[in-house]
Student: 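Quick one: this structure, given as structure tokens, is what I'll be asking you about.
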Amino acid sequence: MDGKADLHLHTVFSDGALPTRDLLLRARSAGLTTISITDHDHTGALQEAAVEGKALGIRVIAGVELSTFVGELDVHLLGYFFDPSDKTLLASLALFREERVKRARRIVEKLNDLKLPLKFEAVLAQAGKGSVGRPHIANALVEEGLTESYQQAFLKFLGSGRPAYEKKYQIPPREAIALVAGAGGLSFVAHPGNAVDDATLRTLMKEGIDGIEAVHPSHSAEMTSSYRNIASECCLLVCGGSDFHGGRKKDADILGRYWISLGEVDAMERRLDRRLGRLNEP
Ligand code: AMP
Ligand code: FE
Ligand code: FE
Ligand code: ZN
């Protein structure tokens, strides 16, 4: 089975720079044959992606990125293959997005207290129709000339422990996994190399995670192969991709470089088939 699958991409429905169709065109040019769009708390790109994917000859798998916590750690989960019309899932995503707006407002208030005259409207303008996040606030600060760079915005104000930091509304992994499974999908721990230690990984396994994102730009080759080994030892699936944000995070040239095989995608579908009783075990 030849082909490259990149299952971690963002559009303007979260903090990516590209609209859905542009992202698909870029994916095709980069030689990807299967993709998943995994916007934070948003599935708004999925319908158009399915239609355009058919036209362009790219397979599009439903995806989403959710924020959870284990103790003090931020743990991102990726959900795949769920029913994008699942009412419970859609209602939860809408709630998460509303909570993001409230949090962005609190961050702007803190920035204003720090004598940075950022208007909330400038943040909303950055987010457009997408779920609002700190990247939009960072961009707004740069646009308004209140910080010298995106990175500085995080270092000085928005990063964890910095003076304008506000916690995000997050659910425990168990709830996120149930939400995705309830909609017929699979859950993976995203970019575990970023902050997920072994104990947290074990916790996630106990809570019913289906797999690990082994391939990610933040992982060294050694980390990727170590996560693949852990997955194989623990009967977990593997996913991966570029976490492409459309050039917004100095990532303009990464499409096509971070991918998993179509066999690995097939393994996900076989697991779902077994779970949903679509296959009889020999
Ligand atoms: P949010 O979901 O609003 O908490 O924003 C999280 C996003 O902000 C992450 O996905 C990163 O893209 C970005 N981010 C978080 N921390 C940093 C940092 N220290 N420097 C640059 N970007 C960051
Ligand atoms: Fe992001
Ligand atoms: Fe993430
Ligand atoms: Zn992501």
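Atoms within a ligand are numbered from 1 in the order they appear, just like the ligands themselves. Quick caveat, the model's predicted, so the values are computed rather than measured.
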Student: Tell me the nearest of Y165, F154, Y150 to atom 15 (C) of ligand 1, using heavy-atom distances.
Tutor: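 Closest candidate by heavy-atom distance is F154.
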Student: Suppose I only count heavy atoms of G133 and a 4.0 Å limit; which atoms of ligand 1 are within that range?
Tutor: 3 (O)
Student: If you check every N/O/S atom of D15, which is the one nearest the Fe ion (ligand 2)?
Tutor: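 Looking only at N, O and S atoms of D15, the one nearest the Fe ion (ligand 2) is named OD2.
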Student: Nearest 0.5 Å please: distance from the CD atom of E52 over to the CG atom of L23.
Tutor: 11.5 Å
Student: Looking only at N, O or S atoms in H76, which is nearest to the Fe ion (ligand 3)?
Tutor: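 Of the nitrogen, oxygen and sulfur atoms in H76, the Fe ion (ligand 3) lies nearest to ND1.
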Student: Mind checking whether Q126 and P135 have side chains closer than 4.5 Å, heavy atoms only?
Tutor: no
Student: Taking ring-ring contact (aromatic ring centres under 6.0 Å, His included) as the criterion, tell me which of H76, H219, H216 meets it with H8.
Tutor: H216
Student: Is there a side-chain contact between D41 and R100 in this structure, where contact means two heavy atoms from C-beta onward sitting under 4.5 Å apart?
Tutor: yes
Student: So is G159 touching ligand 1 or not, going by heavy atoms under 4.0 Å?
Tutor: no
Student: Kindly give the heavy-atom pair with the smallest separation between F13 and H42, and that separation in Å.
Tutor: O-CD2, 3.2 Å
Student: Just let me know how K168 lines up against ligand 1, side chain, backbone, both or neither, with a heavy-atom cut-off below 4.0 Å.
Tutor: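 The part of K168 near ligand 1 is the side chain, not the backbone.
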Student: Determine whether the side chain, the backbone, both or neither of R103 has a heavy atom under 4.0 Å from any heavy atom of ligand 1.
Tutor: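 The side chain, only.
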Student: Report, in ascending order of atom number, the atoms of ligand 1 lying under 4.0 Å from any heavy atom of R134.
Tutor: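 Per the distance check, 1 (P), 3 (O), 4 (O), 5 (O), 6 (C), 15 (C).
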Student: Just by distance, do the side chain of S131 and the backbone of H40 share a donor-acceptor pair under 3.5 Å?
Tutor: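 At least one qualifying donor-acceptor pair exists.
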Student: If you count every heavy atom of other residues, nucleotides or ligands that lies below 6.0 Å from Q47 atom CD, does the total exceed 12?
Tutor: no
Student: Does H245 come within less than 4.0 Å of ligand 1, judged by its heavy atoms?
Tutor: no
Student: Of A104, S131, P135, which has the heavy atom at the shortest distance from atom 5 (O) of ligand 1?
Tutor: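 Among A104, S131, P135, the closest heavy atom to atom 5 (O) of ligand 1 belongs to P135.
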Student: Any N/O/S atom from E65 (main chain or side chain) under 2.8 Å of the Fe ion (ligand 2)?
Tutor: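 Given the 2.8 Å cut-off, E65 does not count as a ligand of the Fe ion (ligand 2).
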Student: So, is H40 placed with an N/O/S atom under 2.8 Å from the Fe ion (ligand 3), counting both backbone and side chain?
Tutor: no
Student: Minimum heavy-atom separation for L236 and G211, please, with both atom names.
Tutor: CB-CA, 4.1 Å
